[in-house]
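I'd like to ask you about the structure that follows.
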Amino acid sequence: MAQIGQIIVDVPTMQTNEPYSYAIPADLENQVQVGMRVTVPFGRGHRVVSGVVVGLSDVTNFDGQLKPIQSVLDLAPILTTELQQLAAWLADTTYAFRITCIQTMLPSLLKAQTERQIQPTVPLTDQEMATYFPDGAPRAFDTSKLADTTLAGLLRLQRAGKVEVTYQVTSKAAAKTTTGIKPALPVAKLQEIQAEVAKRAPKQAELLAYLQTMDPDKLVAQSQVSHATGVSTAVMTTAADKGWLTKQPLEVYRDPFHQPVTPTKPLKLNAEQQVAVTAITKAVDEQRTENFLVEGVTGSGKTEVYLQSIAVALQQHRTALMMVPEIALTPQMVNRVKARFGQRVAVLHSGLSKGEQYDEWRRIDQGEATVVVGARSAIFAPVRNLGIIIMDEEHESSYKQDENPRYHARDVALWRGKYNHCPVVLGSATPSLETRARAAKGLYTRLLLAKRVNDHPLPTVHIVDMREEVKQRADGDFSQPLLTAIQERLDRHEQMVLMLNRRGYSSFVMCRDCGFVLKCPNCDISLTLHMDTHTMKCHYCGHEEAIPHICPNCHSRKIRYYGTGTQKVETALQKEFPTARILRMDVDSTRRKGAHEKILRQFGDHQADILLGTQMIAKGLDFPNVTLVGVLNADTALGLPDFRASERTFQLLTQVSGRAGRAEKPGEVFIQTFNPDHYAIELAQQQDYERFFVTEMHMRHQGNYPPYYFAVQLTASHEDEATAAKAMYQIVGTLQKGLSKDAIVLGPTPKAIARVKRKYYYQVVIKYKREPQLRPLLEKIRQAAQIPARHGLAITIDSEPMNFM
DNA sequence: AGCACGCCGACT
DNA sequence: GTCGGCGTGCTC
């Protein structure tokens, strides 16, 4: 029997980022298992922390006195072997603490809380009691909540040994319970009583009859019995008093999606879909890791391919994981999966309450749910025996977490695919350059869905040159062609979607006459406007110059910040079309829970003619009556100082164009732009992903950007700007000493938004192809960062960042 | 993270 | 002279 447990304690620091050895006391010997949470004494005082058991052994290389594990928090392991290994890998590749990774993988209710209490050890004077324990002893001891004088006084008493602090580690995880009942007497006896009461108490007799049909070992919810028999709970209470039945709390799941779903059958596939399903399910059959890229135009029926592939995995008694971006995880989407797989589906996303998340997690852990649909963190769902992993809209940047651990769900998916010997299916109409390039290299099997189901044609896309429009009309958000098109739709009682691109709002300067955007002379990247310093800055090399008042290209005076807001546009739109019914969907109008769905439902019921919104309307909406899509400002994302600006613009325009003409009526798209000749816009008009890919790859090659290079971003932040900058310069010094000549170090530069929450941010980006010294160097930097961290200097490492700015 | 130990200025 | 301020090292 193992004597020693290896524990990762819940103390996120570098020196506790490895297992600590604890003795397993005899009474816990049969309880402690790898993957369970425990509480352990930690440090000199009486401090107690929680931790996770990652190993059991008889020996340890720690040559000190081992402390014993204090208690076990779980009845069964909460981490499978797979997830334990995944946590270790994740910590390694993202430069995060192991305990942080473990907590990220678990529902938040399983994060143990430590509470401290303070109480007298000797009788205190009345005066002391009144001052420090007005509500009686013991009292909660939260140093951040107590008044300074009270805290000081309590600490003085503590030093005098008159009071002591005790620690309590609690896990909030609690299953919801309802009242359950089960028969307390044998069937024969119940029958006897039933006969006795039959005449005078029909309800009691009915209940007794029902009790005889029940499994004596299984609790049934009181409400369920009442529903089945028509016997009120009052009768059951009487019956319990008489000893016919026993009442006990019964664990139930909170059901986040209780509305019934009409089941659906698999749809008939077209030839392309069939090829895709065959290829994917072959890998499922053979239990083989094979990664697929399903490249399908909008409306090509990717979802049906996913569902039928999942069905095959389930037939083989394996499980399935289907990843969807948070923004696309709508009830419509979930219902589509539930309609096919019913009760086997679990849903994980941030819109659920913590209790609901925990319940869905438990259903998966118990094996009751075998299909998991969820957003980013669902990639850590405790499914066993995975048979397929699907990641829809794989190009979505929300799959990358922007706090520690800074992981990309796609990388985790590939890891789990390999571990489980199962295929990983990445799907998109506009794959990320990284993924498409890997497919080109043969790392992923490419499956094309070029046809729209039902052969609906792709919409006609018009580019509106706003440079011309601005010349002819006053400064407005709407071009004449778009206004005409809107009027046509209103006349025909058809619906339309107008998108306002909010990214990069007001952050760059563009000429309204020629579309000229000020770029950095060294980096070929847009300069960002900094109102605080009244300069234009490059966030790659630090180049800085004055804000232009005359366009350097055409000498026009109409060079100014570019940007506008949805509310302003709504007002203008309503003025143009006084009778049009407009729904606005942006961050403001969807802040309330459920507001998002409500707006979509209203639009679906044709309670409005125009849906005006930001990026969030571009994804996955499917309204058959929409025949017009307008993009008011296609350029804003292009102006961002990010090498992915073109890619994002192309993806967004292609996605939003796909919203038009989903049914019989043909669709039309109008893209208003000041850069009609930009390849991202031209190729989005032609809906030519392949040419965009080739063109953009060329640009990336020229600029030494991913996917030709790997990238790591380091950021320093501090309240004092000079401290942050100095730290970054020191780091660059360390890097340049250790890295090879081939590595490209960009920076240090201030971040695009240099000051956030009273802190200044400085960053450096390293681009490299092969750099064996990088990892040890970064570890060294992490180690060194600990000392100044005391003074508020935070260093973060982001491998393959999504935002360079 | 959070606790104890340890070294310096203003008080009984 | 001590109390208590914060800066530093360490936690199986």
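Residue numbers start from 1 in every chain, and the chains themselves are labelled A, B, ... in the order their sequence lines are given, proteins ahead of strands. Predicted model, so just to flag it, every value in this text is computed and none were measured.
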A:Ile24 atom CD1 is separated from C:dC12 atom P, nearest whole Å, by 16 Å
Heavy atoms under 4.0 Å, any strand shown: does A:Pro19 hit a base, just sugar-phosphate, or nothing?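 Nothing, no nucleic acid heavy atom in range.
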Over how many whole Å does the gap from A:Gln113 atom CD to B:dA1 atom P extend? 15 Å
What's the verdict on side chain to side chain donor-acceptor pair (under 3.5 Å) for A:Gln786 and A:Gln15, showing C-alpha distance, side-chain angles and the deciding distance? CA-CA 10 Å; A:Gln786 289 188 93; A:Gln15 40 285 320; 2.9 Å; yes
Atom-pair distance (CE on A:Met14; P on B:dA1), nearest Å: 14 Å
Nearest-nucleotide comparison on DNA chain B, the residue closer to the 5′ end among A:Arg47 and A:Arg44: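 Counting from the 5' end, the first nearest nucleotide belongs to A:Arg47.
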To the nearest angstrom, how far is A:Asp10 atom CG from B:dG2 atom P?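 Distance, rounded to whole Å: 10 Å.
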Out of A:Arg37, A:Met36, A:Gln84, which residue meets the side-chain contact (heavy atoms from CB on, under 4.5 Å) rule with A:Leu79? A:Gln84
Decide, yes or no, whether a salt bridge links A:Arg362 with A:Asp365 under the criterion of side-chain N to carboxylate O below 4.0 Å. no
To the nearest angstrom, how far is A:Ile99 atom CD1 from C:dC12 atom P?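 For the pair A:Ile99 CD1 and C:dC12 P, the rounded distance is 16 Å.
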Atom-to-atom span, NZ of A:Lys67 to C1' of C:dC10 - whole angstrom: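 From A:Lys67 NZ to C:dC10 C1': 11 Å.
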Would you kindly give the CD-to-C1' distance between A:Glu18 and C:dC10, to the nearest whole Å?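 Interatomic distance, CD of A:Glu18 to C1' of C:dC10: 13 Å.
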To the nearest Å, how far apart are A:Phe42 CZ and B:dG2 P?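 Value for this atom pair: 12 Å.
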If only side-chain N and O atoms of A:Arg116 are considered, is one of them under 4.0 Å from the OP1 or OP2 phosphate oxygen of B:dA1? no
Could you please name the option among C:dG9, B:dC3, B:dA1 that lies closest to any side-chain atom of A:Tyr167?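 Within the option list, the nearest is B:dC3.
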Run the salt bridge (Lys or Arg N to Asp or Glu O under 4.0 Å) test on A:Asp798 and A:Lys400 for me, step by step, so that the C-alpha distance in whole Å, both residues' side-chain angles and the decisive distance to 0.1 Å come before the verdict. CA-CA 10 Å; A:Asp798 190 353; A:Lys400 173 85 193 254; 2.7 Å; yes
Under 4.0 Å, heavy atoms only, any strand: does A:Phe62 hit a base, just the sugar-phosphate, or nothing?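 It contacts base atoms.
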Among B:dA1, C:dC12, B:dA4, which nucleotide sits nearest the side chain of A:Gln15? B:dA1
Minimal non-hydrogen separation, A:Leu777 against A:Thr734, with atom names: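 Here A:Leu777 and A:Thr734 meet closest at CD2-O, 3.9 Å.
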